[in-house]
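I have placed the structure first, in the form of structure tokens, so that the comments after it can refer back to it.
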Amino acid sequence: MGEARIGVFKKRGKKLAYSSRVIDVYTERILTPGGREVDWVLAEHGGAAAVVAVTENDEIVLVKQYRNTADEYVWEIPAGGLSEGEEPIHCAARELEEETGFKAGHLTYMFAPYSSIGFCTERIHYYLATDLQKGALNLDPDEYLIADTFPLETVLQMINSGEIVDGKTISGVFGYLIMHERGLI
């Protein structure tokens, strides 16, 4: 192994480079432990909640929606951004019903990793939704999607084949699988 290096980084200030309804991008001036000043990019995001919804038949609920990044429709678990001051569990319940028409009888917290810790403050709060009941589909005006259910094995095959490419979905499904198998949820 190489020589370990650790020390104190000091933030000197930040300058707004771009602002939108989703993120604010800053150039942040950092003083390194070695005394060098460097500029790092920081994207500030209000956070999100994502839901691994499992039916009574052990099927996973996915939504297929257009994503500009991929320039195609992709399969994902239901998710959405936190409104200001909103608790992640409430966001998870809201997004599940809005996007799929299902209400969760139980929402169980799973974990909350940063989506891209190298430059973005977004943390995605994952929940397991069970005891699903029919609610009311209520898409945002700019959302065009369909929802469907798939056996877990099919979802794993979709990940393996590259049909599911969304990182949050892959993290959520694998997190659910491991935590469920180990009796943690």
Side-chain angles (χ1 to χ4, degrees), residues 22-23 43-67 69-70 72-140 143 145-185:
V22 178
I23 61 170
E44 289 188 353
H45 184 283
V51 184
V52 179
V54 181
T55 70
E56 63 184 19
N57 297 327
D58 291 326
E59 293 184 321
I60 306 290
V61 179
L62 297 176
V63 296
K64 189 173 191 176
Q65 61 184 324
Y66 178 78
R67 291 301 191 185
T69 304
E72 64 183 349
Y73 281 83
V74 297
W75 286 106
E76 308 176 26
I77 57 176
L82 296 170
S83 298
E84 187 155 339
E86 183 178 32
E87 291 295 321
I89 194 167
H90 296 130
C91 178
R94 173 178 49 81
E95 289 294 333
L96 176 64
E97 186 172 8
E98 282 180 4
E99 293 185 355
T100 70
F102 283 113
K103 285 185 175 185
H106 290 91
L107 278 171
T108 305
Y109 174 81
M110 293 172 54
F111 45 81
Y114 286 95
S115 63
S116 188
I117 200 165
F119 73 95
C120 187
T121 63
E122 179 189 40
R123 288 187 81 164
I124 301 176
H125 302 264
Y126 287 82
Y127 290 87
L128 170 63
T130 54
D131 298 326
L132 303 179
Q133 299 107 32
K134 272 297 185 191
L137 190 67
N138 185 22
L139 299 176
D140 290 337
E143 282 185 310
L145 57 83
I146 59 169
D148 205 349
T149 59
F150 298 88
L152 178 58
E153 284 302 317
T154 300
V155 173
L156 295 173
Q157 290 169 1
M158 292 166 75
I159 291 170
N160 188 54
S161 72
E163 186 175 355
I164 293 178
V165 295
D166 174 54
K168 117 183 116 341
T169 299
I170 295 167
S171 294
V173 169
F174 285 153
Y176 162 71
L177 183 63
I178 291 166
M179 294 174 88
H180 182 69
E181 284 180 353
R182 301 201 191 259
L184 299 172
I185 53 175

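Within the 4.5 Å cutoff, the side chain of Glu59 has no heavy atoms near those of the Phe150 side chain. In this structure, the side chains of Ile185 and Met110 come closer than 4.5 Å at one or more pairs of heavy atoms. In this structure the side chain of Thr169 never reaches within 4.5 angstrom of the side chain of Trp75, judged on heavy atoms. Using a 4.5 Å heavy-atom threshold, the side chains of Tyr73 and Ile146 count as separate. In this structure, Thr149 and Ile60 have side chains that are not in contact, with every pair of non-hydrogen atoms separated by 4.5 Å or more. Between Lys134 and Phe102 there is a side-chain heavy-atom pair separated by less than 4.5 Å.
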- [ ] Quick one: do Leu152 and Asp58 satisfy side-chain contact (heavy atoms from CB on, under 4.5 Å)? Show the steps, please.
- [x] CA-CA 7 Å; Leu152 178 58; Asp58 291 326; over 6 Å; no
- [ ] Begin with the C-alpha distance, continue with both residues' side-chain angles, and end with the deciding distance and a verdict on side-chain contact (heavy atoms from CB on, under 4.5 Å) for Ile178 and Leu184.
- [x] CA-CA 8 Å; Ile178 291 166; Leu184 299 172; 5.9 Å; no
TODO: Starting from the C-alpha separation in whole Å, work towards a yes-or-no answer on side-chain contact (heavy atoms from CB on, under 4.5 Å) for Ile124 and Phe111.
DONE: CA-CA 8 Å; Ile124 301 176; Phe111 45 81; over 6 Å; no
TODO: Verify side-chain contact (heavy atoms from CB on, under 4.5 Å) between Ile164 and Val173, making sure each step is shown before the conclusion.
DONE: CA-CA 11 Å; Ile164 293 178; Val173 169; over 6 Å; no
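Between Ser115 and Glu122, the shortest heavy-atom distance links the atoms OG-OE1, 2.6 Å. Scanning both residues, Cys120 and His45, for their nearest heavy atoms gives SG-CB, 4.1 Å. Scanning both residues, Thr100 and Ala147, for their nearest heavy atoms gives CA-CB, 4.0 Å. Considering every non-hydrogen atom in both Leu107 and Ala129, the closest pair reads CD2-CB, 3.7 Å. Smallest separation of non-hydrogen atoms from Gly172 and Val52: O-CG2, 3.5 Å. Between Cys91 and Gly80 the shortest heavy-atom distance is SG-O, 3.4 Å.
If you run side-chain contact (heavy atoms from CB on, under 4.5 Å) between Tyr127 and each of Ile89, Leu96, Ile77, Thr108, only Ile89 comes through. Considering Val74, Asp148, Val155 as possible partners of Leu62, the one that fulfils the side-chain contact (heavy atoms from CB on, under 4.5 Å) test is Val155. Each of Glu143, Glu72, Glu76 was checked for a salt bridge (Lys or Arg N to Asp or Glu O under 4.0 Å) with Arg67, and the lone residue meeting it is Glu76.
Other residues, nucleotides and ligands contribute only 12 or fewer heavy atoms inside 6.0 Å of the OH atom of Tyr114. Gln133 CD: more than 12 foreign heavy atoms inside a 6.0 Å radius.
The structure places NE2 of His90 at 11.5 Å from CG of Leu82, a figure rounded to the nearest 0.5 Å.
Judged by distance alone, the side chain of Tyr126 and the main-chain N or O of Lys168 form a donor-acceptor pair under 3.5 Å.
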